[in-house]
Amino acid sequence: MCGRFVSTTTPQDLVGLLGELRWDPAEAFAPSWNVAPTDPVPAVLERVDRETGELVRQFRPLRWGLVPSWSKDPSGGARMINARSETVNEKPAFRKAFATRRCVIPADGYFEWREVPAEADRKKYKQPYFLSTGSVMLMAGLYEFWRDRTRADDDPAAWLATTTIITKDATDTAGRVHDRMPLTIAPDDVASWLAPDLTDPDELHHLLRRPGDGALRVRAVSTAVNSVRSNGPELLADAPDPLGLAD
DNA sequence: CCAGACGTTGTT
DNA sequence: GTCTGG
DNA sequence: CCAGACGTTGTT
DNA sequence: GTCTGG
């Protein structure tokens, strides 16, 4: 799956990779080495501009954990951080977003954990691993808008934009650590993936790819990343691998 | 008809 | 054990 | 995903 | 919103 990841890609990096892109300079796209569920996630998506009718590609933050538009409150979103690719076009919570509201979420890599059993001199603990391809991973996501009815129409906080990351069974090196992994979109397929008017599920499924064709680099890192309060590039430093899963 | 659900993941 | 917060 | 919190009433 | 279960 994908429940924590690293995001240091700047808007300028994305322009280099994908071409023209709009973003609000007032938004802070601060790098994070420990993006957690409910955090704002920088994402690329395409929307029709209300004013001009023009299709605009934008870079904007989305809250991680999809809240369907019909939810009574946004609290359930924290569990909707992933959507299974196998069923994403059927599940009521995701199918509409799959057809018309897709995004990509740039990531440097993501974390998975394995439990290390207790021994005589210490308790059991969770060992984090960092999985990456060596370049920017464009994770495939969906997004949704939720209207907060407790707020006035003109309140900018009346609309909550949320997102989820699509997953599939993990293969190769990634599969050694965990049985699910996030899917990605190749740079050449981004235009198709983001197009709101491309709605055929079969065509869309063909655009979903395993990062690095499943052959990811795997490294053990410090358990400091376990706490969502930790952050900084030092979280990616090498650590001993107690389970021998790294390559 | 109305009421209630609607999601993923873990573990070896 | 199970839910909430980050 | 992991860490951290979990609470109110009864008075057999 | 839309489907399922009763």
Side-chain angles (χ1 to χ4, degrees), chain A residues 1-7 30 32-42 61-101 105 107-118 123-132 137 139-149 159-160 162-170 174-183 199 208 216 218 220-232 235-236 239 242-245:
Chain A
M1 69 160 324
C2 181
R4 214 75 81 76
F5 65 93
V6 174
S7 167
S32 174
W33 290 267
N34 197 357
V35 180
T38 71
D39 283 349
V41 169
L62 302 171
R63 185 178 183 267
W64 190 14
L66 188 138
V67 178
S69 59
W70 37 261
S71 293
K72 288 179 182 64
D73 67 80
S75 61
R79 284 167 297 166
M80 312 265 247
I81 60 171
N82 294 131
R84 296 173 65 87
S85 59
E86 297 89 337
T87 53
V88 72
N89 59 320
E90 301 159 5
K91 296 292 185 184
F94 299 133
R95 60 188 170 199
K96 197 159 195 175
F98 185 66
T100 63
R101 283 182 296 277
I105 297 162
D108 305 35
Y110 65 100
F111 298 104
E112 296 287 7
W113 282 262
R114 287 287 290 259
E115 189 170 288
V116 179
K123 291 196 263 189
K124 69 177 181 183
Y125 67 98
K126 304 261 191 168
Q127 174 62 50
Y129 290 86
F130 183 64
L131 296 89
S132 61
M137 218 180 267
M139 299 193 293
L142 310 176
Y143 66 96
E144 188 65 85
F145 293 103
W146 181 80
R147 175 63 216 264
D148 186 345
R149 289 170 207 289
W159 288 95
L160 179 66
T162 63
T163 187
T164 190
I165 295 168
I166 299 176
T167 65
K168 195 175 187 179
D169 57 297
R176 292 208 300 262
V177 187
H178 192 72
D179 65 342
R180 303 287 298 176
M181 73 194 304
L183 291 178
T199 61
L208 295 165
L216 293 165
V218 178
V221 293
S222 162
T223 55
V225 75
N226 293 18
S227 170
V228 296
R229 288 185 295 251
S230 303
N231 214 321
L235 295 180
L236 298 186
L243 300 174
L245 299 176

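Here is the naming used below: chain letters follow the sequence lines, and residue numbers restart at 1 for every chain. Remember, it's a predicted structure, so these values are computed and weren't measured experimentally. Because only heavy atoms are used, hydrogens play no part in the values below, and waters and symmetry mates are left out as well, while side chains stay in.
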Nucleotide nearest [X] (side chain, heavy atoms from C-beta), chosen from [options]:
X: Arg95(A); options: dC1(D), dT9(B), dC3(E); value: dC3(E)
X: Phe94(A); options: dC1(D), dT11(B), dT8(B); value: dT8(B)
X: Met80(A); options: dA3(D), dT8(B), dG7(B); value: dG7(B)
X: Glu115(A); options: dT11(B), dT8(B), dC6(B); value: dT11(B)
X: Met1(A); options: dG7(B), dC6(B), dC1(D); value: dC1(D)
X: Thr38(A); options: dG6(C), dC2(D), dG1(E); value: dG6(C)
X: Asn82(A); options: dT9(B), dG7(B), dG6(C); value: dT9(B)
X: Ala36(A); options: dG7(B), dT9(B), dG6(C); value: dG6(C)

Atom pair distance, as rounded to whole Å: [atom1] in [X] and [atom2] in [N]:
X: Asp179(A); N: dT8(B); atom1: CG; atom2: P; result: 14 Å
X: Trp64(A); N: dC2(D); atom1: CH2; atom2: P; result: 11 Å
X: Asn226(A); N: dG6(C); atom1: CG; atom2: P; result: 18 Å
X: Leu235(A); N: dC2(D); atom1: CG; atom2: C1'; result: 13 Å
X: Arg229(A); N: dG4(D); atom1: CZ; atom2: C1'; result: 8 Å
X: Asp39(A); N: dT4(C); atom1: CG; atom2: P; result: 18 Å
X: Arg79(A); N: dT4(C); atom1: CZ; atom2: P; result: 7 Å
X: Met181(A); N: dC1(D); atom1: CE; atom2: P; result: 16 Å

Please name the pair of heavy atoms, one in [X] and one in [Y], separated by the smallest distance, quoted to 0.1 Å.
X: Val67(A); Y: Leu160(A); value: CG2-CD2, 4.5 Å
X: Arg4(A); Y: Asn226(A); value: NH2-O, 3.2 Å
X: Pro68(A); Y: Ala93(A); value: CG-CB, 4.0 Å

Which whole number of Å gives the distance between the [atom1] atom of [N] and that of [M]?
N: dC6(D); M: dG4(B); atom1: C1'; answer: 28 Å
N: dG5(E); M: dG7(B); atom1: P; answer: 13 Å
N: dC2(B); M: dT11(D); atom1: C1'; answer: 43 Å
N: dG6(C); M: dA3(B); atom1: P; answer: 35 Å

inquiry  = By the definition ring pair (Phe, Tyr, Trp, His ring centres under 6.0 Å), identify the one residue from Trp64(A), Tyr110(A), Phe111(A) that meets it with Phe5(A).
reply    =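 Answer after filtering Trp64(A), Tyr110(A), Phe111(A): Trp64(A).
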query = Hey, does Pro37(A) reach any base, or is it just sugar-phosphate, or nothing, if we go heavy atoms under 4.0 Å?
reply =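 Result for Pro37(A) = base.
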task = With heavy atoms under 4.0 Å as the rule, sort Thr223(A) into base, sugar-phosphate or nothing.
result =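 Counting heavy atoms under 4.0 Å across all strands, no contact is made by Thr223(A).
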inquiry  = Under the criterion of centre distance below 5.5 Å and interplanar angle below 30°, is Trp113(A) classified as stacked on the base of dC1(D)?
reply    =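 The ring of Trp113(A) is not stacked on dC1(D).
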ask   = Does any nucleotide pair with dT8(D) by Watson-Crick or G-U wobble geometry, both distances under 3.5 Å, and what is it?
value =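 Pairing partner: none.
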inquiry  = Could you identify the nucleotide paired to dG6(C), looking across every strand shown and requiring Watson-Crick or G-U wobble geometry with both distances under 3.5 Å?
reply    =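 The answer is dC1(D), by the H-bond criterion.
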ask   = Val221(A) and Leu235(A): side chain to side chain contact (heavy atoms under 4.5 Å, CB included), yes or no, with the steps?
value = CA-CA 7 Å; Val221(A) 293; Leu235(A) 295 180; over 6 Å; no
key: Chi angles and distances behind the side chain to side chain donor-acceptor pair (under 3.5 Å) call for Asp108(A), Ser132(A)   = CA-CA 7 Å; Asp108(A) 305 35; Ser132(A) 61; over 6 Å; no
inquiry  = Measuring to OP1 and OP2 of dT9(B), would you say a side-chain N or O of Thr167(A) lies under 4.0 angstrom away?
reply    =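 Answer is yes, contact under 4.0 Å.
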ask   = Does the side chain of Lys126(A) get closer than 4.0 angstrom to OP1 or OP2 of dC2(D) through an N or O atom?
value =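 Looking at the OP1 and OP2 atoms of dC2(D), one of them is under 4.0 Å from a side-chain N or O of Lys126(A).
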